[in-house]
Amino acid sequence: MQVTISGHHVDVTEAIHQHIESKLERLTHHNDLITTINVTVSVEKQAQKAEANIHVNGKDIFAEAEADDLYTAIDAMTDKLDRQLIKHKEKLRSHR
C-alpha cells in the first residue's frame, strides 16, 4: 500500500503525518486490496479540510471532510472512507 500525504497552504508536520498514518492503518483491516492512498490536507480561511482518494482493485473511492480542527477533519474523513470500504466489500461478496 502506497500512501501519499500532501498539504495545500499548510505544512504537514510529523504529528499530522503520524495521525493520518494511524487512522489509515484501520482501513487495511477491511480490505487488503488497497493499492494507493492519496491524502491532501488544506486550510481555506477558517476551515480545515482533509480529502483522500483510495484506489481499490479497479475502483476509486473519494472522501472529504471539513472542520474547525484539522485532526477532527482527518477523523471524519477516515470514518467516511471506512463506511465506503465496508459497503464496497459487501457488494463484492454479494456478487459472487
Before accepting this row, confirm whether a basic side-chain N of the pair D79/R26 lies closer than 4.0 Å to the acidic partner's carboxylate O.
yes
Can you see which heavy atom on A15 is nearest to which on Y71, and at what distance?
CB-OH, 3.6 Å
Here the gap from E64 atom CD to L81 atom CG, rounded to the nearest 0.5 Å, amounts to 11.0 Å
Hey, is the main chain of A73 close enough, under 3.5 Å, to the side chain of K49 for a donor-acceptor pair?
no
Side-chain heavy atoms of I20 within contact of V41, under 4.5 Å
yes
Heavy-atom side-chain proximity of H88 to N57 below 4.5 angstrom
yes
Going from NE2 on H8 to CD on E51, what distance comes out if it is rounded to the nearest 0.5 angstrom?
9.5 Å
E21 vs I5 side-chain heavy atoms within contact, under 4.5 Å:
yes
Side-chain touch L70/H19, heavy atoms, less than 4.5 angstrom
no
Student check: side-chain heavy atoms of N38 and H55 closer than 4.5 Å
no
May I have the step-by-step check of side chain to side chain contact (heavy atoms under 4.5 Å, CB included) for T4 and T36, ending in yes or no?
CA-CA 8 Å; T4 306; T36 59; over 6 Å; no
Run the numbers on V39 and M77 for side chain to side chain contact (heavy atoms under 4.5 Å, CB included), then give the verdict.
CA-CA 10 Å; V39 179; M77 177 200 62; 4.3 Å; yes
Out of curiosity, I61 CD1 to I34 CD1, how far, rounded to the nearest 0.5 Å?
7.5 Å
Do D60 and N53 come close enough that some side-chain heavy atom pair is under 4.5 Å?
no
When rounded to the nearest 0.5 angstrom, what distance separates CG in D69 from CD in Q48?
7.0 Å
Side chains of I54 and L27: closer than 4.5 Å at any heavy-atom pair?
yes
Heavy-atom side-chain proximity of I16 to I74 below 4.5 angstrom
yes
